[in-house]
Amino acid sequence: MKILVVDSGVGGLTVLDSTLQLVGGNFVYLADSKFFPYGTKDKHQLLDRLVQVVGHFGCDLVVLACNSASTVASQLRHKVQLPVVEVITPTCNYIFENSYTNVCLLATDLTVASGVYQSKLNDVCCTVKAFNCGELVQYVENGINGKALDMLLQKLWQNVAPNNPQCVILGCTHFGLIRDKIEKIFRDVDIVDCAIPTAKVVASGVKQWVEESLVIYLTTGDTACAKRLSLQTGYTFDCVDI
Ligand code: DGL
């Protein structure tokens with residue numbers, strides 16, 4: 001079973017890493033760097049790109065390890081006729097199972113504007129206040145982790161805190177990579193990340209158990225991009241032209 005895990009960059013590695021803890025298989029991780037960032041794209045543009053990317057790889061299961069891409073998951077499923085796992089539904093189910101009724105969402109412009117989280121959570125009587133945090137994505141993608149990022153997070157917390165949320169949803173997989181930093185600044189509030197709830201859904205969709213996993217890491221960026229990603233993540237990224 002070949003599983004394609006897609007994000008615009010490094011964010012989806014949080015979902016892949018959690019998945020590898022639960023299940024083995026043949027994985028292709030694609031950092032679609034050429035189309036980065038996903039979160040500022042128009043949804044039709046993003047859907048067309050995802051159809052193109054999925055069409056390039058003959059795979060059995062697609063994992064959209066990206067919240068922005070997940071907003072068009074049902075349209076993608078329809079177009080590619082393959083099982084597609086996305087990150088938003090498992091995260092909303094986790095919110096519901098834990099009886100949260102007042103949450104804040106940190107996400108990209110596309111995810112916030114899509115209203116997908118808001119409508120799913122409102123359906124289970126949960127109030128959502130959403131914040132556009134697209135700016136953070138650039139920091140994480142480029143591994144910039146210093147004072148400027150701290151200040152941005154402090155400012156964000158000042159806006160989030162007055163809402164007294166029970167939890168803050170990391171509604172962009174990139175944010176999972178700076179979870180430690182977020183936890184330090186967003187004190188006294190639960191942090192909810194999509195990686196584990198999504199990994200459980202992927203694992204339940206994998207029918208054949210494989211002991212050893214094979215993972216190929218690819219980027220649609222140029223060789224300099226592949227080099228940067230390899231250095232930053234510790235995995236060897238190769239280029240693919242899509
Ligand atoms: N990691 C992605 C997400 O979960 C996309 C970030 C971006 O490319 O804008 O939304």
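For ligands, and for the atoms within them, numbers begin at 1 and follow the listed sequence. This is a predicted model, so every value here is computed, not measured.
A 6.0 Å sphere centred on NZ of Lys227 holds no more than 12 heavy atoms belonging to other residues, nucleotides or ligands. Within 6.0 Å of atom NZ in Lys181, more than 12 heavy atoms from other residues, nucleotides or ligands are found, so the atom counts as buried in its surroundings. Atom NZ of Lys155 has 12 or fewer heavy atoms from other residues, nucleotides or ligands within 6.0 Å. By the 6.0 Å contact criterion, CG on Asp123 is enclosed, its count of non-hydrogen atoms from other residues, nucleotides or ligands being greater than 12.
At a heavy-atom cutoff of 4.0 Å, ligand 1 is surrounded by Asp7, Ser8, Phe36, Pro37, Tyr38, Gly39, Cys66, Asn67, Ser68, Thr108, Val137, Cys172, Thr173, His174.
Side chain of Thr220 to backbone of Ile242: no donor-acceptor contact under 3.5 angstrom is found.
In this structure the side chain of Pro37 never reaches within 4.5 angstrom of the side chain of Thr108, judged on heavy atoms.
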